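Structure record follows, encoded as structure tokens.
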2 protein chains.
Amino acid sequence: MKRVLVIDDEPQIRRLLTISLGKKDYEVFEAPTAFEGMQAVQSIRPDIILLDLGLPDMDGSRALAELRLWSTIPVIILSVRDAEADIVALLNAGADDYLTKPFRVEELLARMNVALRRLRPDMRESVYECGDLRIDFDERSVSIEERAIRLTPTEYAILAFLARNGGKIVTQTRLLRELWGPLADAEPGSLRVHISSLRKKIERNPSQPGRLITEPGIGYRLYCK
Amino acid sequence: MKRVLVIDDEPQIRRLLTISLGKKDYEVFEAPTAFEGMQAVQSIRPDIILLDLGLPDMDGSRALAELRLWSTIPVIILSVRDAEADIVALLNAGADDYLTKPFRVEELLARMNVALRRLRPDMRESVYECGDLRIDFDERSVSIEERAIRLTPTEYAILAFLARNGGKIVTQTRLLRELWGPLADAEPGSLRVHISSLRKKIERNPSQPGRLITEPGIGYRLYCK
DNA sequence: CGCCGCCTTAACGCCTTCTTAACGCCTCAT
DNA sequence: ATGAGGCGTTAAGAAGGCGTTAAGGCGGCG
């Protein structure tokens, strides 16, 4: 569910966008003036902005320039003007796209997707953190108290799987299947060895685990202090 | 100085683009067919691609789909077709923009800037610097303590790819795909040799790497001191 | 044609990682 | 109390990954 802010002074355009975007998993917010639009950006924190150029109170390019002083939210310009100079100026001022009215709704949606798609990598949080233990799934790195821990592939796989299950109990069979695939007839013995060596690396006192907890007869879970 | 690959079968379009983009700090490469284009992406490693839809040997959307299997290089579609369905399909298939021929050159340049601007920040930096190691992506040159290092094309490709991934672990398979393309059945053995000779050039003590770190069982990463 | 630089392949040895087996501890049920 | 089974630990062996070197092939260039 993405939030989109429509800044346009024509009520019928806002209505059209509210309806058509509302059907497509967007939460739509409206602002009739640039001034109210700027305020709305602050309070609403939209994921993307649709900005009309013909606003009564402020030139669209001025509004965009001001916005770009402090925000990198994607902005798509909607305008009746089709002059190349306008388009170039707005795109260089930081707009992400420029559509000429009357625009086609499906195309607008596709172009909104493009603008949002390029944003993903920075937005995505892919770290597990719990006490002083930290797992960065992107970097594939593990650290305790800021100190990096070296794990073997299997050890990392176990820890990552338990972390992804967020403290819930994971049965042995599920872990075995996760590590060696559903077909392999995996030995529980091998798993026990990996658990042991993993504990040596992430537990203060490996003989009394504080994180990697055994649930007797069931499996294991990652306890978050 | 950015590299742009123009894939279009009409010589006059290629000529027009080569001239007008050449004036604007672009190094222009041309390919008349989708097939040659895909090969050129491999060898040239452009920063952005302009793709015509009306290619003789392959449908443009097919070409884009294949490219997107392994690459995220920005692609702008150039086409005579103006049907909404086409535009939406291409944008959803991973295109970054869509311009209808005849297009306006200034607008194209502005839209190319937008596409390049949206890249991850670390991707569009033209130099990588870390300790005494310095990589200039524009010049394709590498230096340590101000001393220039001579690297072979493959060595440079490995180092540059690791640097662009900013210290994160890069899987062997990803590195192999990056170097020899997605189709090639690449030999890990060859990669190991290149890594070895690369280390001889950039490491103080190649037998105990301080920069180009091996992550056993996974891949490599460039460690920034 | 011969030289040179680059890439690939193969061989070998080292080292990490995984597996297996043995043993001891604990818990629980009989 | 005692035996059985689950679990943790350790050590040893096997397997495979990785680094290195040398040799051969390919293409560019004088």
Side-chain angles (χ1 to χ4, degrees), chain A residues 140 142 149-162 169-181 184-221 223, chain B residues 39 42-43 140 142 148-162 169-176 178-181 184-223:
Chain A
R140 205 183 184 292
V142 178
I149 309 278
R150 263 180 49 88
L151 296 184
T152 72
T154 316
E155 285 159 9
Y156 176 81
I158 293 172
L159 184 62
F161 189 67
L162 291 177
I169 298 180
V170 176
T171 58
Q172 283 204 29
T173 38
R174 219 151 82 78
L175 251 180
L176 290 171
R177 262 201 287 275
E178 173 70 17
L179 296 179
W180 290 281
D185 51 341
E187 292 295 327
S190 187
L191 175 62
R192 290 206 302 270
V193 176
H194 288 298
I195 294 276
S196 174
S197 53
L198 181 54
R199 282 211 257 243
K200 278 182 197 157
K201 294 181 180 175
I202 66 167
E203 295 280 7
R204 275 171 209 294
N205 184 359
S207 54
Q208 287 178 358
R211 292 185 234 270
L212 211 173
I213 311 292
T214 302
E215 297 290 342
I218 322 246
Y220 301 91
R221 64 179 233 268
Y223 179 67
Chain B
Q39 286 189 318
Q42 292 283 344
S43 50
R140 310 207 148 214
V142 177
I149 308 278
R150 261 180 51 85
L151 294 184
T152 71
T154 312
E155 284 159 8
Y156 174 80
I158 293 173
L159 185 61
F161 190 66
L162 291 177
I169 299 180
V170 176
T171 321
Q172 281 205 31
T173 38
R174 218 152 81 79
L175 208 40
L176 291 170
E178 173 69 18
L179 295 178
W180 291 282
D185 50 343
E187 292 296 327
S190 186
L191 175 61
R192 290 206 302 268
V193 176
H194 288 298
I195 293 276
S196 176
S197 52
L198 182 54
R199 281 211 257 244
K200 278 181 195 156
K201 294 179 181 178
I202 67 167
E203 295 280 6
R204 276 170 209 294
N205 183 359
S207 54
Q208 286 179 356
R211 290 186 236 270
L212 211 173
I213 310 291
T214 300
E215 297 289 342
I218 317 291
Y220 301 90
R221 65 180 234 269
L222 196 62
Y223 179 67

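These figures come from a predicted structure and were not determined experimentally. Lettering follows sequence order; numbering is per chain, from 1. Computation of the quantities below employed the complete heavy-atom set of this structure, encompassing side-chain atoms and omitting hydrogens, waters and symmetry-equivalent molecules.
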* To do: Return the residues of residues 193-200 of chain B meeting this criterion: a heavy atom under 4.0 Å from some atom of DNA chain C. Order them by number, or give none.
  => B:Val193, B:His194
* Asked: Roughly how far, to the nearest 0.5 Å, is CD of B:Gln208 from CD1 of B:Ile213?
  -> 10.5 Å
* Asked: Is there side-chain contact between A:Pro153 and B:Ile218, with at least one heavy-atom pair below 4.5 Å?
  -> yes
* Between P of D:dG17 and CG of B:Leu175, the distance in whole Å -> 17 Å
* **5' precedence on DNA chain C between B:Leu191 and B:Pro216 (nearest-nucleotide basis)** => B:Leu191
Would you tabulate the pairs of protein nitrogen or oxygen atoms and nucleotide nitrogen or oxygen atoms of nucleotides 26-30 of chain C closer than 3.5 angstrom?
none

* Given D:dG8, is OP1 or OP2 found less than 4.0 Å from the side-chain N or O atoms of A:Tyr220? -> yes
* Asked: Which pair of non-hydrogen atoms, one from A:Tyr223 and one from A:Gly210, has the smallest distance, and what is that distance?
  -> CD2-O, 3.5 Å
* Through what angle, rounded to 10 degrees, does the axis of the helix from C:dC1-D:dG30 to C:dT30-D:dA1 turn between its ends, using five pairs per end? -> 20°
* To do: Could you tell me whether the side chain of B:Arg174 reaches within less than 4.5 Å of the side chain of B:Phe161, counting heavy atoms only?
  => yes
* Structure fact -> Minimal heavy-atom distance between A:Ala157 and A:Leu179, with the atoms involved, is CB-CD2, 3.5 Å
* Asked: Less than 4.5 Å apart, any side-chain heavy atom of A:Ile158 and any of A:Leu151?
  -> no
* Asked: Atom CG in B:Leu162, atom CG in B:Leu175: separation rounded to 0.5 Å?
  -> 5.5 Å
* Structure fact -> Between the CG atom in A:Leu212 and the CG atom in A:Leu159, the distance rounded to the nearest 0.5 Å is 7.0 Å
* Strand-adjacent residues in residues 203-214 of chain A, judged by heavy atoms under 4.0 Å from DNA chain D -> A:Pro206, A:Ser207, A:Thr214
* Asked: For B:Trp180 and C:dC7, what is the distance between atoms CH2 and P respectively, to the nearest whole Å?
  -> 9 Å
* Structure fact -> Residues at least two apart in sequence or cross-chain that pass salt bridge (charged side-chain N to carboxylate O under 4.0 Å, His left out) with B:Glu203, listed by chain then number, are none
* Got a sec? Which of residues 148-159 of chain B come in under 4.0 Å of DNA chain C, heavy atoms? -> B:Arg150, B:Thr152, B:Pro153, B:Thr154
* **Protein-to-nucleotide contact annotation, 5' to 3' order, nucleotides 23-30 of chain D [B base; S sugar-phosphate only; - none; under 4.0 Å, heavy atom]** => --------
* Asked: Is A:Gln172 near enough to D:dG6 that one of its side-chain N or O atoms lies under 4.0 angstrom from OP1 or OP2?
  -> no
* With sequence neighbours excluded, what pairs up with A:Arg140 under the salt bridge (charged side-chain N to carboxylate O under 4.0 Å, His left out) test? -> none
* Can you name the side-chain contact (heavy atoms from CB on, under 4.5 Å) partners of B:Ala160, sequence neighbours left out? -> B:Phe137, B:Tyr156
* **With A:Arg204 via salt bridge (charged side-chain N to carboxylate O under 4.0 Å, His left out) - residues at least two apart** => A:Asp132, A:Glu145
* Name all pairs fulfilling the salt bridge (charged side-chain N to carboxylate O under 4.0 Å, His left out) condition that reach into residues 150-162 of chain B, sequence neighbours left out, sorted by first residue then second. => B:Glu155-B:Lys201
* Side-chain touch A:Thr214/A:Arg199, heavy atoms, less than 4.5 angstrom -> yes
* Asked: What's the CD1-C1' distance between B:Ile202 and D:dG19, to the nearest Å?
  -> 15 Å
* Asked: Atom CD1 of B:Ile195 and atom OG1 of B:Thr154: how far apart are they, to the nearest 0.5 Å?
  -> 11.0 Å
* Structure fact -> side chain to side chain donor-acceptor pair (under 3.5 Å) filter on B:Arg192, not counting sequence neighbours, yields none
* Structure fact -> Rounded to the nearest 0.5 Å, the OH atom of A:Tyr220 sits from the CG atom of A:Leu198 at a distance of 10.5 Å
* Whole angstrom value for the distance that separates C1' of C:dT16 from CD1 of B:Ile218 -> 13 Å
* To do: Between A:Ser190 and B:Arg192, just flag the one whose closest nucleotide in DNA chain C comes earlier from the 5' side.
  => B:Arg192
